[in-house]
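First the structure, in the form of structure tokens, and then the observations on it.
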Amino acid sequence: MTHSLTLRASVLSALIFFIFVATWHLATSGSSSVAQMDPEYAKLMGLTATTGKSAMPGPLDVGAKILEHLRAPFYDRGPNDKGIGLQLAYSVGRVMLGYALAVLVAVPGGFLIGMSPLMSRALNPYIQILKPISPLAWMPLALYTIKDSSVSAIFVIFICSLWPMLINTAFGVASVRKEWLNVARTLEVPPLRRAFTIILPAAAPTILTGMRISIGIAWLVIVAAEMLVGGTGIGYFVWNEWNNLSITNVIISILVIGLVGMLLDQALARVARFVTYPD
Amino acid sequence: MTDRFISIESIARHYPQAGGGSTTIFDDLWFSMNKGEFSCIIGHSGCGKTTVLNILAGLDLPDEGVAVVDGKAIEGPSLDRAVIFQSHALLPWRSVIGNVAYAVSSRWRDWSKDKVREQAQRFIELVGLKGNENKKPSELSGGMKQRVGIARALSIEPKILLMDEPFSALDALTRGTLQDEVRRICLDTGQTAFMITHDVDEAIYLADRIVLMTNGPNAMVAEIVENPLPRDRRRIDLHKHPDYYALRNHLIDFLVSRSRSFKDEIPAGYQKRHPPVVRPTANPKAPEGGDALKVA
């Protein structure tokens with residue numbers, strides 16, 4: 001081995017990116033044959049027919065548009081023309097709010113279920129039935145009861161983030177090693193102190209795993225939810241740009257959704273590393 | 001010395017069986033220990049040694065009978081009885097000093113941070129871990145982890161130290177060093193200690209009295225062996241003592257055959273309430289000048 005694995009992997013990654021962009025560029029650069037037609041008719045046909053250009057934007061178009069967005073990410077010119085940064089901020093804000101509410105419910109709830117076999121048995125059927133429901137199925141009910149589309153989206157995020165965290169917290173709490181609990185017992189540690197000094201740190205890695213799964217699902221769901229409720233957010237932005245037939249903006253949105261999702265996951269991975277203990 | 005500092009009185013423990021009914025691990029079990037004494041319990045796996053220790057720790061309760069410590073029946077775990085676990089049971093997210101300080105601050109809730117740290121530091125130094133205070137358990141060797149376990153147990157200054165095969169997972173060399181230290185600490189502080197072991201040599205070196213348990217289920221205390229070796233015994237010349245082989249043979253003989261056969265041939269006059277106390281010596285007839293084995 002002459003070069004480090006990291007270096008070779010980076011070179012390969014760059015190569016794949018280059019091949020992808022080159023193929024994309026060639027595939028969308030358009031045919032050279034331009035049909036000769038009546039100028040009046042050509043006006044009706046659009047660029048594809050008259051200049052031989054593909055309707056699919058090429059990497060250069062997308063790149064130029066990205067620069068444009070980067071120059072003014074937060075402008076606001078009415079409901080149908082907001083900067084992509086502003087739309088993202090709306091989405092991230094909704095996700096954070098729904099997710100934070102879910103943490104507040106799921107972590108204490110998971111503690112209760114994990115610590116009490118009675119509660120675990122009693123609540124298990126509800127969890128099993130509620131867990132597989134697509135979060136979007138709640139949307140009509142949420143809209144009907146809450147009567148506010150924005151709050152409904154937050155509710156949907158709350159519901160979809162809840163289950164992985166609840167189940168992981170309960171599992172983590174229930175599987176704290178008996179010997180650590182025995183240490184607490186022989187030291188006559190009172191219940192509340194035991195929960196915070198033994199069970200919480202012991203279960204923290206499992207809880208964080210649940211939180212990571214949840215943030216991933218929440219970010220998946222917010223796009224779909226915003227397509228439904230409309231108004232603001234990156235999901236609405238994608239749908240709006242589709243209606244504008246701006247494929248360039250749709251591609252950019254897809255890219256940005258992926259990037260933000262990765263950042264959210266990485267942020268929680270950082271926290272997870274902080275609470276993980278080597279055994 | 002107060003007689004019968006710890007007294008186990010007619011305790012029984014049954015475990016439910018898979019197909020209904022129950023297995024009796026032991027019942028009507030009696031024995032006692034004196035203050036400042038080091039007792040070991042020896043027996044094969046499944047005889048209920050760990051159950052006895054857990055009952056003394058308060059982690060398990062007997063189905064019948066009672067365990068009394070210092071005149072009070074055990075009703076649950078207590079800071080008066082510290083446990084050194086076989087698996088050391090350190091909290092992996094806390095440092096060495098964090099683990100010991102956790103015990104200290106549980107013992108004395110009103111102590112200041114500095115006072116807790118000072119006490120923890122003292123016991124870390126006592127077990128020879130100075131300089132490792134801020135390491136996490138995962139950075140320590142098996143022997144060092146068990147040292148932390150010992151420091152944690154001693155730091156709360158318990159009336160009784162309970163040990164469940166504390167050295168069985170360690171290599172022979174480390175085990176020897178730790179036995180030396182536990183013995184030194186217990187002798188220096190007059191610590192009452194109770195230890196489960198499989199290792200006959202460990203029992204001979206450490207224990208003042210050795211409780212022999214027969215095989216389970218329905219295990220019994222066959223006898224209580226008094227260690228005839230002098231209190232200031234040292235590991236290196238232990239085997240040169242005239243009574244050493246008498247004691248060792250007696251213990252091994254018990255583990256090999258009598259632990260199994262004892263139930264079928266219970267000696268005349270055996271009482272569960274007062275298990276016989278024996279003191280194996282080289283020359284049973286003349287215990288004072290027992291030099292029979294000192295031929296070489």
Side-chain angles (χ1 to χ4, degrees), chain A residues 103 107-108 110-111 114-118 121 165 168-212 267-279, chain B residues 50 53-61 74-95 98-109 116 120 135-140 145 148-149 152-164 166 169:
Chain A
V103 171
V107 173
F111 256 77
M115 287 175 89
S116 153
L118 175 73
R121 288 271 180 104
M165 277 194 269
N168 266 275
T169 306
F171 175 75
V173 167
S175 47
V176 172
R177 276 208 225 146
K178 193 125 195 277
E179 57 188 51
W180 296 336
L181 295 175
N182 278 344
V183 168
R185 285 178 68 196
T186 55
L187 292 174
E188 293 187 69
V189 177
L192 205 62
R193 182 168 142 95
R194 186 181 60 201
F196 280 105
T197 57
I198 304 274
I199 299 172
L200 187 63
T206 324
I207 296 174
L208 253 296
T209 306
M211 291 175 77
R212 259 181 96 177
L268 276 173
R270 276 279 165 85
V271 183
R273 220 173 305 146
F274 186 68
V275 299
T276 302
Y277 45 86
D279 214 357
Chain B
T50 300
L53 183 123
N54 281 345
I55 287 172
L56 281 174
L59 294 171
D60 200 350
L61 289 173
I74 294 174
E75 275 157 2
S78 160
L79 284 157
D80 289 338
R81 286 166 268 128
V83 185
I84 298 177
F85 297 90
Q86 183 177 9
S87 54
H88 57 76
L90 299 180
L91 307 175
W93 54 87
R94 283 175 177 268
S95 61
N99 267 283
V100 180
Y102 185 69
V104 175
S105 61
S106 299
R107 174 77 158 131
W108 295 283
R109 303 235 172 93
V116 167
K135 285 191 182 154
K136 289 278 162 70
S138 58
E139 298 169 69
L140 303 177
K145 281 183 201 164
V148 182
R152 177 173 66 184
L154 292 171
S155 68
I156 60 171
E157 297 175 7
K159 285 182 184 166
I160 304 163
L161 191 60
L162 301 167
M163 294 172 266
D164 185 357

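So that the names make sense, note that chain A is the first sequence line, chain B the second, and so on, each numbered from 1.
- To the nearest 0.5 angstrom, B:Ile84 atom CD1 is 11.0 Å from A:Thr186 atom OG1.
- Here the OH atom belonging to B:Tyr102 is positioned 2.5 Å from the OG1 atom belonging to A:Thr197, to the nearest 0.5 angstrom.
- At a threshold of 4.5 Å between non-hydrogen side-chain atoms, the residues A:Val183 and B:Phe85 count as touching.
- Contact of B:Leu162 with chain A is not made at all, since no heavy-atom distance falls under 4.5 Å.
- For chain A, the option among B:Arg109, B:His88, B:Arg107 with the highest count of heavy-atom pairs below 4.5 Å is B:Arg109.
- Ranking B:Pro137, B:Pro158, B:Ala103 against chain A, the residue ahead of the rest is B:Ala103, based on heavy-atom pairs under 4.5 Å.
- Side chains of A:Arg193 and B:Ser106: a donor-acceptor N/O pair is present below 3.5 angstrom, by distance only.
- Contact annotation for B:Ile156: only side-chain heavy atoms (C-beta onward) come within less than 4.5 Å of a heavy atom of chain A.
- Between A:Glu179 and B:Ala89 the shortest heavy-atom distance is OE2-CA, 3.6 Å.
- Ranked by non-hydrogen atom pairs under 4.5 Å with chain A, the options B:Asp80, B:Leu91, B:Val83 are led by B:Leu91.
- For A:Tyr277, the OH atom is densely surrounded, since the number of other residues' heavy atoms within 6.0 Å is greater than 12.
- Residue A:Thr276 does not touch chain B at all, counting heavy-atom pairs closer than 4.5 Å.
- The residue among A:Ala204, A:Pro201, A:Pro278 with the most heavy atom pairs within less than 4.5 Å of chain B is A:Pro201.
- Here the side chains of A:Pro205 and B:Trp93 are not in contact, with every heavy-atom distance at 4.5 Å or above.
- Using a 4.5 Å cut-off between heavy atoms, A:Ala202 contacts chain B through both its backbone and its side chain.
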